[in-house]
Amino acid sequence: MAFTFSNAQIADLFEEITAALIVQNDDRFRIRAYENAVSIFRQLQEPIEYYWQNKLLGTITGIGTIFARKIDELFTTGKVAEFDAIRQSLPAGMFGLLPVEGIGPKNAFKLANIFKLADRETAPAKLLESAKNGQIRGLEGFGEKSEAQLIDNITRYLLAGTVTRIPLYRADQIVTEIGAYLGACPAIQTFSPLGSHRRRKETVGDIDIGITTQQPKVVSDYVALIPKISKIVAKGDGMVRIIYGEGIDVDFKIVDPGEWGSLLQHFTGSKAHNVALREMAVTRKMSMSEHGMKIKGAWQRFTQEDKFYQSLGLDHIPPELRENLGEIEAAKNHSLPNLVTLADIKGDLHTHTNYGWVNSHDAGLSSVDELADTAVALGYEYLGVGDHNPSISTYNVDEIIKQIQKRSRFIEQIKNSYEKRVKKSTIKLFNALEIDIRSDGALAVPDAGINLLDYAVVSIHSSFKQTAEQMTERIIKGLSHPKAKILGHPTGRLIGKRDPIAANWDSIFGFCVTNGKAIEINASPDRLDLTDILVKKAILLGVKLVIDTDAHHHSTLFGMQSGIDVARRGWATKADIINTWDAAKLTQWLIK
DNA sequence: GCCGTTTTCGGCCCGACTGTTTTCAGTCG
Ligand SMILES: Nc1nc2c(ncn2[C@H]2C[C@H](O)[C@@H](COP(=O)(O)OP(=O)(O)OP(=O)(O)O)O2)c(=O)[nH]1
Ligand SMILES: [Mg+2]
Ligand SMILES: [Mg+2]
Ligand SMILES: [Zn+2]
């Protein structure tokens, strides 16, 4: 296979073809199929190449025989002849203009044509030149205002660079900030962050906020005066869209309190979920939107979201599931999963203390006592007391074993003294380590050391770029030790910083099911892996998961919710998550 | 181009704002 393409590359390719088809006034439903394919490609968490190799493209809803054939052609020949022909019929510069806010396919084409923009990289800057020279205002369909907008939008685009999505923890901070401002407005009855933020997606493209009021004009004006506003993109009685702070898009939708239920539904999305619901309404001769349900020309209003779903015969769907990935069907059949909640969690199995050996990676900052006290405060039944394995560049094999013997005695002492000090507590402390899976799959601790532990979390911390085959073999080898019970932060990705490893997850999941291993959902805000869609797949195959904070400080033990969010997006119930089990059941499963 | 518990043909979500428009196309959500 000489040709390889990432999912992002394929999504970008289809996105450009979508734009080209719009320019060519192609069939709007064909265009919709292309748009749909783009969002599917961006959502997939395994390589399209993997689907292609295993002839699984046809199993993806929205990818039919024609799209599958085009992808086959792409991987086989390195290009799609039809796509190349379509693109070559258009000025290349138009594709460089598309990322600019307010420039869609039609205008991108028109402007690239008029100003002979043949190069996509330089197109925005060149167009900006022409706009600044007043060459836009005279064009048909443009005027002084649109010229000024164009200048502003291109300038912002050139300054901001490529679009990056906002990590959810950062979005939480922004939401709190904006919430403080909205809360101070007497005219606002209720407000709530919606969109992908409410669905708890790992990153959000923007911040979406729904508002109810009986004075929409007052609220619209109030919102537009928010501190740190950079620009009003659009504003009416029903909505305000702004650029906020360092260039974050914030969408406000403002409705009458009587429409809150339908607004919650609409503005939470996802788009694919909404479209599927609306198509369902259409088959029942109804029409739905953020304003309610239109039945025989008459609007029915909803103050409550669950009632809105009910009007379609559906159970209330948890926001985390609203991705049009089977949740509507499940809501119809009353078979939605009973998703895991924070209250179900009974312990944390991946932590780091300040124990004083030279760690292979960052050591923790808190003492065992501090971690245990916090775990008790959280009402936990057990806690995995962990460290990274001793650094193999600092210690030789014998020294590593001696170090672990010493640490095991230390933990034993702590357990005794802790149980004396905190008499009421019955918290169970496990002697655990996080051990590197080295590039050949060997664990960084010899057996004689591992066997002193209650269990080990094994993780990839190096050589992230191996092939999927190598990596899969490596991980399975690493998990093969009986004490290796948990695969830590399995994809190795750091949101916005490091891509996930390539691996054959089907094989790894299969191994875990057969051999009684759990896969971690790491709650660190920049990890959040295993990722949501792979969680769903793992659970379908029967894999057990564990949600860990990977705390390097005792306060971080409080950060479990972000892992719960991921688990819920992966359809996880209490039964799927081993650290919802009580100490007896967990111990029996974990300690070998 | 995709899809199927009325269909393998004939459907395919719905709405807000902007600017230039004389009735609406484009863009975005
Ligand atoms: N019915 C319908 N609803 C839409 C459409 N586009 C967006 N919405 C709704 C559902 C979305 O979740 C919500 C907010 O739009 P966004 O573009 O901000 O998307 P979302 O927040 O889901 O994802 P994001 O992380 O912002 O990219 O508006 C659409 O084309 N049709
Ligand atoms: Mg959004
Ligand atoms: Mg939005
Ligand atoms: Zn780690």
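Proteins get letters first, then strands, A, B, ... in listed order; numbering begins at 1 in each. Both backbone and side-chain heavy atoms feed into the values below; hydrogens, waters and symmetry mates do not. Since the model is a prediction, treat every value here as computed from it, not as a measurement.
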Winner on side-chain proximity to A/Trp299, out of B/dG15, B/dG19, B/dC12, is B/dG15

A/Asn324 has an atom CG; how far is it from atom P of B/dC12, in whole Å?
17 Å

Can you name the atoms? Protein N/O to nucleotides 7-10 of chain B N/O, anything below 3.5 Å, with the distance.
none

Contact class for A/Ile63 vs. all strands (heavy atom < 4.0 Å): base, sugar-phosphate, or nothing?
sugar-phosphate

If we ignore hydrogens and angles and just use 3.5 Å, is the side chain of A/Asn54 paired with the main-chain N or O of A/Leu56 as donor and acceptor?
no

Counting neighbours of CZ on A/Arg28 that are heavy atoms of other residues, nucleotides or ligands and sit closer than 6.0 Å, is the number greater than 12?
no

Do any pairs count as a salt bridge (Lys or Arg N to Asp or Glu O under 4.0 Å) and have a residue in residues 59-75 of chain A, sequence neighbours left out, and if so which ones?
A/Lys70-A/Glu82

Just the table, please: protein N/O against nucleotides 24-29 of chain B N/O, every pair under 3.5 Å.
unit_1 : atom_1 : unit_2   : atom_2 : d
B/dT27 : OP1    : A/Gly104 : N      : 2.8
B/dT27 : OP1    : A/Gly104 : O      : 3.1
B/dT27 : OP1    : A/Asn107 : N      : 3.0
B/dT27 : OP1    : A/Asn107 : ND2    : 3.3
B/dT27 : OP2    : A/Lys106 : N      : 3.3
B/dT27 : O5'    : A/Gly104 : N      : 3.4
B/dC28 : OP1    : A/Gly102 : N      : 2.9
B/dG29 : O3'    : A/Asp251 : OD2    : 2.8

Using the P atom in both, what is the distance from B/dT27 to B/dT21, to the nearest Å?
16 Å

Determine, for A/Asp256 against A/Arg301, whether the closest basic-nitrogen to carboxylate-oxygen distance falls under 4.0 angstrom.
no

Could you go through the side-chain hydrogen bond (donor to acceptor under 3.5 Å, both in side chains) check for A/Tyr169 and A/Glu202 one step at a time?
CA-CA 8 Å; A/Tyr169 75 89; A/Glu202 60 189 34; over 6 Å; no

Rounded interatomic separation in angstrom, taking CE from A/Met288 and P from B/dG15
11 Å

Provide, to the nearest angstrom, the distance between the CG atom belonging to A/Asp237 and the C1' atom belonging to B/dT18.
15 Å

Nearest-Å distance, NZ (A/Lys285) to P (B/dT6)?
12 Å

Looking at CG of A/Leu534 and CH2 of A/Trp505, how far apart are the two atoms once the value is rounded to the nearest 0.5 Å?
7.0 Å

Any side-chain hydrogen bond (donor to acceptor under 3.5 Å, both in side chains) pairs touching residues 105-119 of chain A, not counting sequence neighbours?
A/Asn25-A/Lys106, A/Asp119-A/Thr122

How many Å lie between CE on A/Met239 and P on B/dA16, as a whole number?
10 Å

Strictly by Watson-Crick or wobble contacts shorter than 3.5 Å, is anything paired with B/dT18, and which nucleotide is it?
B/dA25

Within this structure, what is the CZ-to-C1' distance between A/Phe29 and B/dG4, rounded to whole angstrom?
17 Å

Can you tell me, in whole Å, how much space there is between the C1' of B/dC3 and that of B/dT7?
10 Å

Can you check the distance between B/dC2 and B/dT6, where both ends of the measurement are the P atom (answer in whole Å)?
24 Å

Is it true that, when you exclude A/Lys145 itself, more than 12 heavy atoms of the residues, nucleotides or ligands shown sit nearer than 6.0 Å to its NZ?
no

Which residues within residues 110-141 of chain A lie with some heavy atom under 4.0 Å of an atom in DNA chain B?
A/Gly141

In residues 224-236 of chain A, which ones come under 4.0 Å of DNA chain B, going by heavy atoms?
A/Ala234, A/Lys235, A/Gly236

How about A/Phe83 and A/Phe14: are their ring centres within less than 6.0 Å of each other?
yes

Under a 4.0 Å threshold between the charged nitrogen and the carboxylate oxygen, would A/Asp565 count as salt-bridged to A/Arg569?
no

What integer number of Å spans the C1' atoms of B/dG26 and B/dT20?
11 Å

Select from A/Arg28 and A/Tyr34 the residue whose nearest nucleotide in DNA chain B is closer to the 5' end of that strand.
A/Tyr34

Is A/Arg199 salt-bridged to A/Glu323, cutoff N-O under 4.0 Å?
yes

Mind checking if A/Glu144 touches a base, just sugar-phosphate, or nothing, with heavy atoms under 4.0 Å?
sugar-phosphate

As a test of reading the structure: which of B/dC14, B/dG1, B/dG19 is closest to the side chain of A/Ser287, going by heavy atoms?
B/dC14

B/dT20 C1' sits how many Å from A/Phe142 CZ, rounded?
11 Å

Basic-acidic side-chain contact under 4.0 Å: A/Glu320, A/Arg200:
no

C1' gap between B/dT23 and B/dG19, integer Å:
13 Å

Rounded to the nearest angstrom, tell me the gap between atom CG in A/Leu150 and atom P in B/dG19.
12 Å

Using 30° and 60° as the class limits, which term best fits the ring planes of A/Phe302 and A/Phe308: parallel, tilted or perpendicular?
tilted

Answer yes or no: does atom CG of A/Asp84 have more than 12 heavy-atom neighbours from other residues, nucleotides or ligands under 6.0 Å?
yes

Are any of A/Ser146's side-chain N or O atoms less than 4.0 Å away from OP1 or OP2 of B/dT18?
no

Determine the interplanar angle of the A/Tyr309 and A/His316 rings, folded into 0 to 90°, and report it as parallel if under 30°, tilted if 30 to 60°, perpendicular if over 60°.
perpendicular

